[in-house]
Amino acid sequence: MCGIVGYLGKKPASSIILNGLKGLEYRGYDSAGIATIEYGKLVISKRAGKVADLEKIISHANLHSTIGIGHTRWATHGEPNDINAHPHTDSSGTIALIHNGIIENYLTIKKKLLSDGYTFTSDTDSEVLAVFIGDIYNRTKDLELSVRLALNEIDGTFGIVVISTHEPDTLIAARRGSPIVLGIGDNEYIVASDASAIIEHTRQVIYLSDNEMAVINRDNYTTKTIANETTTGEIHEIEFDLQSIQKGNYEHFMLKEIYEQPSTFRDAMRGRLLVEEGNVKLGGLRNVADKLRNARRIIFLACGTSWHSALVGEYMIERLAQIPVEVEYASEFRYRSPIIYPDDVIIAISQSGETADTLAALREAKLKGATVLGIVNVVGSSIARETDAGIYSHAGPEIGVASTKAFTSQLAVLSLLALYLGRTRNVSSVEGKRIAEALLAIPEKIQYILEHAEQIHEIAKEYSNAQNFLYLGRGYNFPVALEGALKLKKK
Ligand code: GLU
C-alpha cells in the first residue's frame, strides 16, 4: 500500500502532486506516475524508480492542468516496471485511476473482460479495475455511477482516485481498507493517502470511511457510500504542524524521532496525570468507565512493535489492577474462532490506526459483542473511529519506518491505563502518587540518555560488524528486548 495524491483547484496540479508524492516517499515504493487532463486529453507519465526521475520527465512535458492524480506504487501484482506503474487507464484511454491495495477477485473480472474483447497492457490488478470502470461507463455514460457499480463488485482493498476526460472537472476518490483523506482548501481540493501530503495546503480534512467515496467538483463535493447513501463527511482539523513532518537538521527521520522522545513521552501524559490524587484522568474512556471497572479480562490486539508494548501493558495491568490480560497477535486472532465474554474489554493498539490485521481483528471482536477500545497515534484513523472509546498516544507523525517514539508513547499511555485501572481496584492513593511521580520523571531520564549519545555511538561502532546479537531481558524488559531485536533486524 503506497502513496496517493489527487488535486483539483486553481493551481498547476502536477507540481502540487509531485510535492505530495515526495512527502510520501518515506513509505517506500518502487515506481511513480502522474496523470493530468491537458486540453481535453489524458497525459500520463510514469516510470519505475524515484519521484525525482518522474520529475525529470515531467519537466519537459509542459503540464498546465489544474486537475490530476499521482501515485507511488509498491508492487503486489506484476513486477515493478514502467508499464505496471500507476496511473492505469480504461481501454479507451479516457479514464485514469490510481490504486492502493489489492483487488482479490481481479482474475475473475479480468477473464470476463477478456472474453468481452478487452485487452490489457499491464499485469496489475489495478488496471483491471480501470478497464472495468470504463466498461461500465460505456453503458452508463456516468462516471460516478460507473465507479460505484465497479467498486460494488470488488473483493479486496482499495484507496483509489479517478479522473476522466468525459468529466474534466471531477475527481472521484474512494476507500476500503486503505486510507484516503480529502483536504478542503480555498477553492481547491487535495486527496491523499496520508494527511502529511495535505497539510501544506489545508488543515481541514475529511477521513473517508471504508466503502465511502468523495465526488469532488470545482466548487463543491459530496461524500457517500459506494451503495449511494449520503454520509455526513465530518470535517476534522489536522493537529500536527508542518515542522513535525520535516527532517529539520537531523540526518534522517528515525534519529529526529528518537530525539523527540522526552517531549513525546511528556505529551502522552499531558493533562492526564493527577499527581496529588495519585490517579489518572483519561477523557477518552469516560463512556466506558463502568465497563473497565467491571472488566473480567482485557485482551490486547496488536502487531509488531505495538504487540511488544501490549506485552509491557499486560505486565503492568496484571500487577497494578490484577485483571487477567491476554496479548493476541491480531493476524492470528482474526483467523481463529476467539472466545470472547461480555465482560471482556478488547484494546487494539496501533501507531497508524490503519494496521489491516488489527482493524480486522477488532471488527471480529466487535461482531462478537465485545467492548472495543483503541490506543492509536493517528487522530481520525480507522481504528480510532471504529472503537467505542480510546486513548490517543499523541506522539505526532512518525515518519521513520522503524518505530521509536510511537513505542515509548504507547508505553506512557499503557502506564497511565494501568494506574487508572489499578486505582479502581487495589492501588492506594499513596502508591498511585509514587507511580505518578515516577512517570513524570521519565522524560528527564530519556533526556539524560540522549545527552550521552556519544557513548552509545562508541558501543555501536565497536559492534557494528557483529554477525549476531542476543537481546536478553526479564519481566518488563522481556518485551523491550524483543522490540530492541526487531529494531536491529530492520535495515
Ligand atoms: N495492487 C496494486 C499494484 O500492484 C497496487 C499496489 C500499491 O498499493 O501500491 O499495482
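When a residue number appears, it is its place in the shown sequence, counting from 1. Start at 1 and go down the list; that is how both ligands and their atoms are numbered.
Heavy-atom contacts of Trp74 reach the following atoms of ligand 1: 6 (C), 7 (C), 9 (O) (cutoff under 4.0 Å). The ligand atoms of ligand 1 that sit less than 4.0 angstrom from a heavy atom of His71 are 9 (O). Taking every non-hydrogen atom of Cys2 and a distance limit under 4.0 Å, the qualifying atoms of ligand 1 come out as 8 (O), 9 (O). The ligand atoms of ligand 1 that sit less than 4.0 angstrom from a heavy atom of Asp125 are 1 (N), 2 (C), 3 (C), 4 (O).
Checked by distance only, ligand 1 and Thr124 stay at 3.5 Å or farther apart across all their nitrogen or oxygen atoms. Annotation: Gly101 places an N or O atom under 3.5 Å from an N or O atom of ligand 1; distance criterion only. Not one N or O of Asn84 is nearer than 3.5 Å to an N or O of ligand 1, by distance alone.
At least one heavy atom of Ser126 sits less than 4.0 Å from an atom of ligand 1.
Look at Lys112 and Glu153 and you find no salt bridge, because none of the NZ, NE, NH1 or NH2 atoms lies under 4.0 Å from a carboxylate O. Comment: Arg336 does not engage Glu332 in a salt bridge, judged by the lack of any side-chain N to carboxylate O separation of less than 4.0 angstrom.
With a heavy-atom cut-off of 4.0 Å, Asn100 touches ligand 1 through backbone and side chain alike. The backbone and the side chain of Thr76 each have at least one atom closer than 4.0 Å to an atom of ligand 1 (non-hydrogen atoms only).
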Please test Phe407 against His308 for ring pair (Phe, Tyr, Trp, His ring centres under 6.0 Å), starting from the C-alpha separation and ending with a verdict. CA-CA 9 Å; Phe407 175 66; His308 296 149; 7.2 Å; no

Run the salt bridge (Lys or Arg N to Asp or Glu O under 4.0 Å) test on Arg363 and Glu386 for me, step by step, so that the C-alpha distance in whole Å, both residues' side-chain angles and the decisive distance to 0.1 Å come before the verdict. CA-CA 8 Å; Arg363 284 179 184 154; Glu386 294 194 26; 2.7 Å; yes

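Separating the CD1 atom in Ile34 from the CG atom in Leu18 is a distance of 5.0 Å, to the nearest 0.5 Å.
Residue pairs satisfying the side chain to side chain donor-acceptor pair (under 3.5 Å) criterion with at least one member in residues 39-60, sequence neighbours excluded, are listed as follows: Lys22-Glu55.
Scanning for side chain to side chain contact (heavy atoms under 4.5 Å, CB included) contacts around Asp169 gives Arg218, with sequence neighbours left out.
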